[in-house]
Amino acid sequence: MPDLSGIGVCPGVAAGPLLRIAAAPALPAPAPVTDAGAEVERAFAALAEVVADLERRADRATEATVAEVLRAEALMADDEELRDAVRERIEEGADAPHAIDAAFGTFREMFTEAGGYLAERVADLDDLRDRAVAVLLGLPMPGVPQPGHPYVLVARDLAPADTADLDPAVVLALVTEVGGPTSHTAILARALGLPAVVACRGILDVPERTLVQVDGGTGEVTLGASSVFSAKGVDEPELSHPGRTDDGHPVKLLANVGSVKNVPAADQAHAEGIGLFRTELLFLDRTTEPSRDEQVVAYREVFQAMAGRRVVIRTLDAGADKPLPFLHQDGEPNPALGVRGLRVARQRPEVLTTQLAAIAEAAADSGADVWVMAPMVSTLAEATSFADAVHEAGLPRAGVMIEVPAAALRAADLLGVVDFLSIGTNDLSQYTFAADRMCGELAELLDFWQPALLQLIGICGEAGRATGKPVGVCGEAAADPALAPVLAGLGVSSLSMSPRALSGVRASLARYSYAECRRLAELAVAAPDAATARKIVLS
Ligand code: PEP
Ligand code: MG
């Protein structure tokens, strides 16, 4: 039988029988409603049951990331506006299952239109609707199969609630038909340490119980495997040394965090510091601008927890995929190319000034080595004015993210005015390939092994080598152990990732000399396509 392939998002190899996620309940024919009040109560009770179930799962989850994602999903189901929408539909004559379906449908449209982060939450909305409808119909909530033996879980895409109950001893690997390297499936697979392949076209056509072998490094799915086994990429001896190649070339290994809650995981994984503190995650649900004092508290918690170490804090990355309601940004026809990241400061300079003042106050006496960077920088002028603003706030180290090809091409100029660069490969690949980062259909364009993307990273790395200034990677590419030697060879001096990925990347880097890293980098950039680049390095 022919092999299938997709994008490997969590390394390791496993084989077992393929089982699909349970199907969503079908909506019954509409029923007449005689008592609208009672019907509203029935609908609300179903939503409450879904919330309670998600919270129970969150309590049971052993991984902090999983618990957090589940709680976020529970919050979505426990939403006043959602309940209002359900009530309205019932008052218009719909029965509870149809009212729930229609209400979620409205939110689905809004999220899809918003694009980015929100569009990726559409899978969560669909999952919540299916769960609530299943409760109303007296059916078991859709979820992962529980066959009592190890298997490879296959789905179109996975919602966090699907993955919460996954027992890594029973689920050998994950394969999804859609989803990109930054999808929930990818993030959660890394959190659970499960080999995973996303954007694997054709996997849904493979008959149930076929034995498949999944390689989460290469993205290959082989049909007709002969045995059931698991060789997870994370089964490495626990290493804790600072990031370096075999011959001692240092590559700092840092963690990505959204708040102080993620710091214990970073510590456990022996992170040398924080390479990306996404401040907007603290304010995603705010309708009013957080005060300077509130910001000081949130930032200081992280800085103090990281005393003695580096913390790279990013100023608000609002707009498009991360809309911040308090900014009241106008609708844009193409928001990913609109006023987002640092560009917001054109319209609302005081938001940046306040944030920088809050960061400076929080950094003072915290003991942390605080570096500040801006997202979505495109030109030297933007980098210059940002660096000036950072220094005026009394903060010593200013940097910019490289997420736009124009900035990568001019990395040397940018390093003339800032102290460091941090490459956001999630956005850099989106803008280099003109491919929406959340679009599963285009996932192969968003593959971090694309030689054109690596070439742009190499331009930044060269600029770093020439100036002696740090150039890091903080996008999801940094979490791929096989890519780590390539990035080091391209001149990248730090890798920042979700804490769970640190041990695999640490072990991988330590297997190569720096000369080998440089050779692999050259070969990968010269490769004709992503698959060949990956094969060359893995062979
Ligand atoms: C990136 O774009 O790679 C990045 C790290 O930023 P975010 O994912 O928050 O846009
Ligand atoms: Mg980004």
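- Between Leu211 and Val228, some side-chain heavy-atom pair lies under the 4.5 Å cut-off.
- The closest donor-acceptor contact from the side chain of Glu332 to the backbone of Val339 lies under 3.5 Å.
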When you look at Met376 and Met401, which way does the side-chain contact (heavy atoms from CB on, under 4.5 Å) test go after all the steps? CA-CA 6 Å; Met376 286 295 292; Met401 287 191 73; over 6 Å; no
Given the rule in the salt bridge (Lys or Arg N to Asp or Glu O under 4.0 Å) test, do Arg131 and Asp127 qualify, once you have shown the distances and angles that lead to the verdict? CA-CA 6 Å; Arg131 285 170 188 276; Asp127 175 64; 3.0 Å; yes
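- We find that Arg42 and Asp95 are not joined by a salt bridge, their nearest charged nitrogen and carboxylate oxygen being 4.0 Å or further apart.
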Given the rule in the salt bridge (Lys or Arg N to Asp or Glu O under 4.0 Å) test, do Glu208 and Arg20 qualify, once you have shown the distances and angles that lead to the verdict? CA-CA 7 Å; Glu208 193 92 344; Arg20 283 197 198 81; 3.0 Å; yes
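- In summary, Arg314 and Glu280 engage in a salt bridge, as defined by a charged side-chain N under 4.0 Å from a carboxylate O.
- Pairs engaging residues 106-115 under the salt bridge (charged side-chain N to carboxylate O under 4.0 Å, His left out) rule: Arg108-Asp126 [sequence neighbours left out].
- Panel note: side chain His270, backbone Ser503; no donor-acceptor pair is recorded below 3.5 Å.
- If you take CG on Asp3 and OG1 on Thr222, they are separated by 4.5 Å, rounding to the nearest 0.5 Å.
- A donor-acceptor pair is defined here as one N or O able to donate and one able to accept, closer than 3.5 Å; no such pair exists between the side chain of Glu177 and the backbone of Arg156.
- Between Arg56 and Asp59, no side-chain nitrogen of the basic residue sits less than 4.0 Å from a carboxylate oxygen of the acidic one, so the salt-bridge criterion is not met.
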Intermediate values then yes/no, salt bridge (Lys or Arg N to Asp or Glu O under 4.0 Å), Glu403 and Arg340: CA-CA 12 Å; Glu403 302 187 285; Arg340 55 164 300 198; 5.2 Å; no
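- Counting heavy atoms from C-beta outward, Val86 and Val40 have side chains that stay 4.5 Å or more apart.
- Glu476 places no side-chain N or O within donor-acceptor distance of the main-chain N or O of Ser498, the cut-off being under 3.5 Å.
- Here the CD1-CG distance, from Ile423 to Leu495, works out to 9.5 Å after rounding to the nearest 0.5 Å.
- By the 4.5 Å heavy-atom criterion applied to side chains, Val197 and Leu174 are not counted as neighbours.
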Output, in order, the C-alpha distance, side-chain angles, deciding distance and verdict of side-chain contact (heavy atoms from CB on, under 4.5 Å) for Leu254 and Ile274. CA-CA 5 Å; Leu254 309 168; Ile274 304 286; over 6 Å; no
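- Summarising the geometry, atom CG belonging to Asp124 is positioned 11.0 Å from atom CG belonging to Leu158; distances are rounded to the nearest 0.5 Å.
- The CG atom of Leu453 sits 6.0 Å away from the CZ atom of Phe433 when rounded to the nearest 0.5 Å.
- Here CZ of Phe107 is found 5.0 Å from CD of Glu81. Values are rounded to the nearest 0.5 Å.
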Could you go step by step and tell me if Arg278 and Asp317 meet the salt bridge (Lys or Arg N to Asp or Glu O under 4.0 Å) rule? CA-CA 8 Å; Arg278 288 180 163 108; Asp317 189 14; over 6 Å; no
Please assess Asn256 against Ser496 for the test side chain to side chain donor-acceptor pair (under 3.5 Å), listing each intermediate value before the final yes or no. CA-CA 6 Å; Asn256 292 355; Ser496 191; 2.6 Å; yes
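- Among all heavy-atom pairs drawn from Ala479 and Pro481, the shortest one is O-CD, 3.2 Å.
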Take Phe104 and Leu82, measure what side-chain contact (heavy atoms from CB on, under 4.5 Å) needs, and give me the verdict at the end. CA-CA 7 Å; Phe104 275 108; Leu82 175 70; 3.6 Å; yes
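- The OG1 atom of Thr112 lies 8.0 Å from the CG atom of Leu125; values are rounded to the nearest 0.5 Å.
- For the pair Glu289 and Arg348, the salt-bridge criterion is met [side-chain N within less than 4.0 Å of a carboxylate O].
- Judged by distance alone, with hydrogens and angles left aside, the side-chain atoms of Ser5 form no donor-acceptor pair with the main-chain N or O of Gly219 at under 3.5 Å.
- For the side-chain hydrogen bond (donor to acceptor under 3.5 Å, both in side chains) test with Arg534, the passing option among Asp447, Asp529, Asp480 is Asp447; the others fail.
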Given the rule in the side-chain contact (heavy atoms from CB on, under 4.5 Å) test, do Arg209 and Tyr151 qualify, once you have shown the distances and angles that lead to the verdict? CA-CA 9 Å; Arg209 308 204 165 267; Tyr151 66 99; over 6 Å; no
